[in-house]
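Let me begin by presenting the structure, written as structure tokens, before commenting on it.
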Amino acid sequence: MASRARVRAPELIGKGGWLNTSDKELTLSDLRGRIVVLDFWTFCCVNCLHVLDELRELEERHRDTVVIIGVHSPKFVHEAEHQAVVDAVERYEVEHPVLDDPELATWKQYAVRAWPTLVVIDPEGYVVAQHAGEGHAHAIEKLVEELEAEHEAKGTLRRGDGPYVPPEPVATDLRFPGKALQLPGGSFLVSDTTRHQLVELDGDGESVLRRIGTGERGLTDGPAERAAFSEPQGLALLPDGKVIVADTVNHALRVFDPESGEVSTVAGTGKQWWQGSPTEGPAREVDLSSPWDVAYFDGRVWIAMAGVHQLWTYDPEAGTVRAAAGTTNEGLVDGPAAEAWFAQPSGLAATEDRLWIADSETSAVRWIDREGVVHTAVGTGLFDFGHRDGAADQALLQHPLGVTALPDGSVAVSDTYNHALRRFDPATGEVTTLATDLREPSDAVLVGDDIVVVESARHRLTRLRLPEEAVRVESVAHRTQRAATEVAPGRLRLEVVFQAPAGQKLDTRYGPSTRLLVSSTPPELLAEGEGADTDLSRDLVLADGVTEGVLHVSAMAASCDDDPDIEYPACHVHQQDWGVPVTVTADGTARLGLVLAGLDSEA
């Protein structure tokens with residue numbers, strides 16, 4: 001086994017305490033003898049949710065040697081609330097201990113720069129690897145197998161049960177519902193996300209009429225009692241009366257027939273889309289990535305493809321899908337669909353002339369017109385959020401997940417992390433607050449003069465009279481609490497560290513296997529160095545007179561098995577987007593190093 005830098009792992013500290021341990025506080029000494037994988041995550045981040053799913057198999061196969069520890073490191077103010085973390089751990093079925101670190105203490109100790117980041121600690125308590133982004137589960141499993149063999153031979157591996165203690169289950173009719181719609185007969189169909197089902201409720205929004213799905217994770221078609229979903233979210237009525245479902249963790253679109261109760265898969269393969277995969281073609285042959293909502297607009301089903309920061313479309317008649325808007329880069333850029341940037345679009349609502357979009361990570365409300373041009377109504381970017389009413393160019397939201405078109409041309413916004421229902425009126429350009437004290441509203445349905453809100457964290461639908469006047473709320477603005485990196489003026493050397501996993505090499509069969517894309521907010525921050533190239537290192541030049549901003553860095557590398565005897569080598573894509581807040585100071589660093597994958601000598 002290759003020698004590694006001997007970096008002692010810092011202790012795990014966080015003011016929020018521990019979850020999934022029956023209130024026991026864990027220390028690294030408690031875990032000595034085990035292979036520890038730290039997962040730095042935050043529950044707003046779809047890439048973090050992908051990694052949770054990637055780790056499930058590793059967790060199961062190496063349960064007696066590996067302990068996964070989630071380190072919850074918030075981006076949004078709401079994510080620093082302990083109860084919100086408790087909810088998220090249940091919502092996403094996190095079955096390992098989680099440290100709630102609201103002040104990013106452990107994040108700073110490990111020099112983490114991005115969500116998600118995985119850190120591997122060996123049985124003797126030393127950091128041996130760090131990986132940012134998605135797609136590293138295969139590499140980590142290979143490393144785990146090496147560490148098991150090495151430390152078994154040394155006598156330093158300790159096998160046995162881990163420290164995970166499951167919480168007590170809670171009985172409710174719904175559990176973290178995601179989206180809802182009203183069926184033609186007046187009942188409601190709700191995606192009961194954490195229970196992996198659809199639930200039909202009576203018109204009162206409370207009485208359960210039937211459940212669709214077994215309640216266990218799976219991708220199975222058939223009648224309601226045998227069908228299986230995995231964290232379904234968005235729902236939309238099709239012209240034929242059937243319902244299309246965004247089956248999020250299955251990376252698929254399903255169709256439910258309310259008349260027969262049958263469920264069928266119409267798009268997606270069950271596998272997650274990666275860079276380089278097809279972006280159009282027969283719907284059952286093209287991979288999707290965390291479809292979060294769906295809406296029928298302009299003769300097609302539009303898909304909020306949260307996992308790749310795009311909008312896709314599905315054509316039911318042709319049976320095809322294609323990428324329709326967004327570049328896969330995360331951010332807020334308007335313009336022609338092919339050039340626009342989104343950040344986890346998570347809610348859609350169609351009107352006659354536009355498709356409204358809840359762009360959650362930029363805390364924005366966007367829309368796309370029939371000509372394919374993307375516009376922003378409310379929101380400024382990835383790092384500014386809050387609760388402020390008034391003119392749209394000054395108003396602030398906090399991670400909205402839903403939009404609902406209203407009859408007067410305005411749009412209601414499920415302002416999820418502000419626990420509020422907001423309204424944007426294009427006629428006046430004003431944002432107002434309609435209701436507060438809603439717990440993580442994620443969607444809303446207009447029913448006559450009422451609006452029925454999906455209160456996801458209260459596990460219910462809540463009916464409100466659509467108010468004529470706004471609620472007065474004290475304005476508050478926030479920026480992400482991550483500390484800015486101090487950089488020197490002028491030339492800045494950017495280096496993305498990537499080391500192919502053991503037994504693999506960079507895949508150069510079809511040309512360069514790496515990609516680096518750099519931009520900034522504001523754009524004036526960079527005088528030189530913006531754009532795309534295949535080299536993972538680059539010299540940037542910071543412009544004179546701009547003292548702070550955010551560097552947006554997107555890196556990708558592909559590696560394949562390095563064994564000439566393997567006829568069809570397995571290949572893996574490693575990718576990550578960073579948003580690095582920077583402050584320009586005279587004594588700042590002239591080098592910015594980011595770890596995509598490699599030995600953790602950087603930390």
Side-chain angles (χ1 to χ4, degrees), residues 236 293-298 300 302 304 311 324-326 331-337 339-381 384-416 418 420-436 441-453 464-473 475 477:
D293 203 7
V294 281
Y296 192 78
F297 173 67
D298 201 20
R300 293 169 289 168
W302 286 70
L311 303 181
L332 194 155
V333 176
D334 289 339
E339 302 170 14
W341 290 23
F342 297 94
Q344 285 181 219
S346 301
L348 299 175
T351 66
E352 190 65 32
D353 63 348
R354 66 181 63 179
L355 180 71
W356 291 104
I357 306 150
D359 202 29
S360 62
E361 278 292 283
T362 53
S363 296
V365 173
R366 323 271 299 274
W367 54 281
I368 186 168
D369 59 30
R370 286 182 175 273
E371 284 68 50
V373 179
V374 177
H375 312 259
T376 296
V378 186
T380 60
D384 295 292
F385 53 91
H387 192 144
R388 181 194 290 156
D389 288 335
D393 60 353
Q394 297 296 313
L396 293 173
L397 309 168
Q398 187 179 178
H399 198 79
L401 290 178
V403 280
T404 306
L406 300 179
D408 62 359
S410 65
V411 60
V413 183
S414 295
D415 192 6
T416 308
N418 279 328
L421 190 68
R422 313 283 292 283
R423 176 177 178 263
F424 167 67
D425 187 350
T428 63
E430 294 284 314
V431 173
T432 54
T433 297
L434 300 179
T436 59
S442 55
D443 196 18
V445 181
L446 189 66
V447 182
D449 292 330
D450 294 344
I451 192 161
V452 176
V453 179
L464 305 173
R465 176 64 52 153
L466 196 60
E468 296 181 4
E469 295 187 6
V471 175
R472 298 186 68 87
V473 175
S475 295

Notebook entry, point to check: Taking all atoms of both residues into account, what is the closest heavy-atom pair of Asp359 and Ala343, and its distance?
Noted result: OD1-N, 2.9 Å
Next item on the list: Looking only at non-hydrogen atoms, find the nearest pair between Ser360 and Leu401 and report the distance.
Entry: CB-CD2, 4.0 Å
Next item on the list: Could you tell me the separation between the OG1 atom of Thr432 and the CZ atom of Phe424, rounded to the nearest 0.5 Å?
Entry: 10.5 Å
Checklist line | Contact summary for Ala350 and Ala405, nearest pair of heavy atoms | finding: O-CB, 4.2 Å
Check: When rounded to the nearest 0.5 angstrom, what is the spacing between CG in Leu332 and CZ in Phe342?
Finding: 9.0 Å
Next item on the list: Using the side chain to side chain contact (heavy atoms under 4.5 Å, CB included) rule, take Val445 and Thr404 through it: C-alpha gap first, then chi angles, then the decisive distance, then the call.
Entry: CA-CA 7 Å; Val445 181; Thr404 306; over 6 Å; no
Check: So, the side chain of Ser363 versus the backbone of Gly379: is there a donor-acceptor pair under 3.5 Å, distance only?
Finding: no
Next item on the list: Check Arg472, Arg422, Arg423 against Asp389 for a salt bridge (Lys or Arg N to Asp or Glu O under 4.0 Å) and give me the one that passes.
Entry: Arg422
Item checked: side chain to side chain contact (heavy atoms under 4.5 Å, CB included) partner of Trp356, the single match among Val413, Ile368, Val403 -> Val403
Note to self: To check you understand the geometry: which heavy-atom pair defines the closest contact between Leu348 and Ala304, and what is its length?
What the structure shows: CD1-N, 3.5 Å
Note to self: side chain to side chain contact (heavy atoms under 4.5 Å, CB included) for Ile357 and Val365? Distances and angles first, verdict last.
What the structure shows: CA-CA 6 Å; Ile357 306 150; Val365 173; over 6 Å; no
Note to self: For a 4.5 angstrom cut-off between non-hydrogen side-chain atoms, does Trp302 reach Tyr296?
What the structure shows: no
Check: Can you tell me how far CG of Asp449 sits from CD1 of Ile451, rounded to the nearest 0.5 angstrom?
Finding: 11.5 Å
Check: Considering all heavy atoms of both residues, which atom of Ser414 and which atom of Pro441 are nearest to each other, and what is their separation?
Finding: CB-O, 3.6 Å
Check: Are Asp415 and Leu421 side-chain neighbours, meaning at least one heavy-atom pair lies under 4.5 Å?
Finding: no
Note to self: Is any side-chain heavy atom of Leu466 closer than 4.5 Å to one of Leu446?
What the structure shows: yes
Check: Does Arg370 make a cation-pi contact with Phe297 (under 6.0 Å, within 45 degrees of the axis)?
Finding: yes
Check: Can Phe385 and Leu396 be said to form a side chain to side chain contact (heavy atoms under 4.5 Å, CB included), step by step?
Finding: CA-CA 5 Å; Phe385 53 91; Leu396 293 173; 5.8 Å; no
Next item on the list: Go through Arg366 and Val374 one step at a time and tell me if the side chain to side chain contact (heavy atoms under 4.5 Å, CB included) criterion holds.
Entry: CA-CA 7 Å; Arg366 323 271 299 274; Val374 177; 3.6 Å; yes
Margin query: If we count only N and O atoms by modelled type, under 3.5 Å, do the side chains of Gln398 and His387 hold a donor and an acceptor together?
Written below: no
Next item on the list: Could you tell me whether the side chain of Asp369 reaches within less than 4.5 Å of the side chain of Asp353, counting heavy atoms only?
Entry: no
Notebook entry, point to check: According to the interplanar angle, ranging from 0 to 90°, do the rings of Trp367 and His375 count as parallel (below 30°), tilted (30 to 60°) or perpendicular (above 60°)?
Noted result: parallel
Checklist line | N/O donor-acceptor pair under 3.5 Å between Asp425 side chain and Glu430 backbone | finding: no
Next item on the list: Indicate yes or no: at least one non-hydrogen side-chain atom of Val411 is less than 4.5 angstrom from one of Thr351.
Entry: no
Margin query: For a quick test of reading the model, state the closest non-hydrogen atom pair linking Val378 to Ala395 and the distance between them.
Written below: CG1-O, 3.9 Å
Next item on the list: Mark yes or no for whether Ser346, through its side chain, and Gln344, through its backbone, hold a donor-acceptor pair below 3.5 Å.
Entry: yes
Next item on the list: Tell me yes or no: between the side chains of Asn418 and Thr416, is some donor less than 3.5 Å from an acceptor?
Entry: no
Margin query: Nearest 0.5 Å, please: how far is CG in Asp298 from CZ in Arg354?
Written below: 14.0 Å
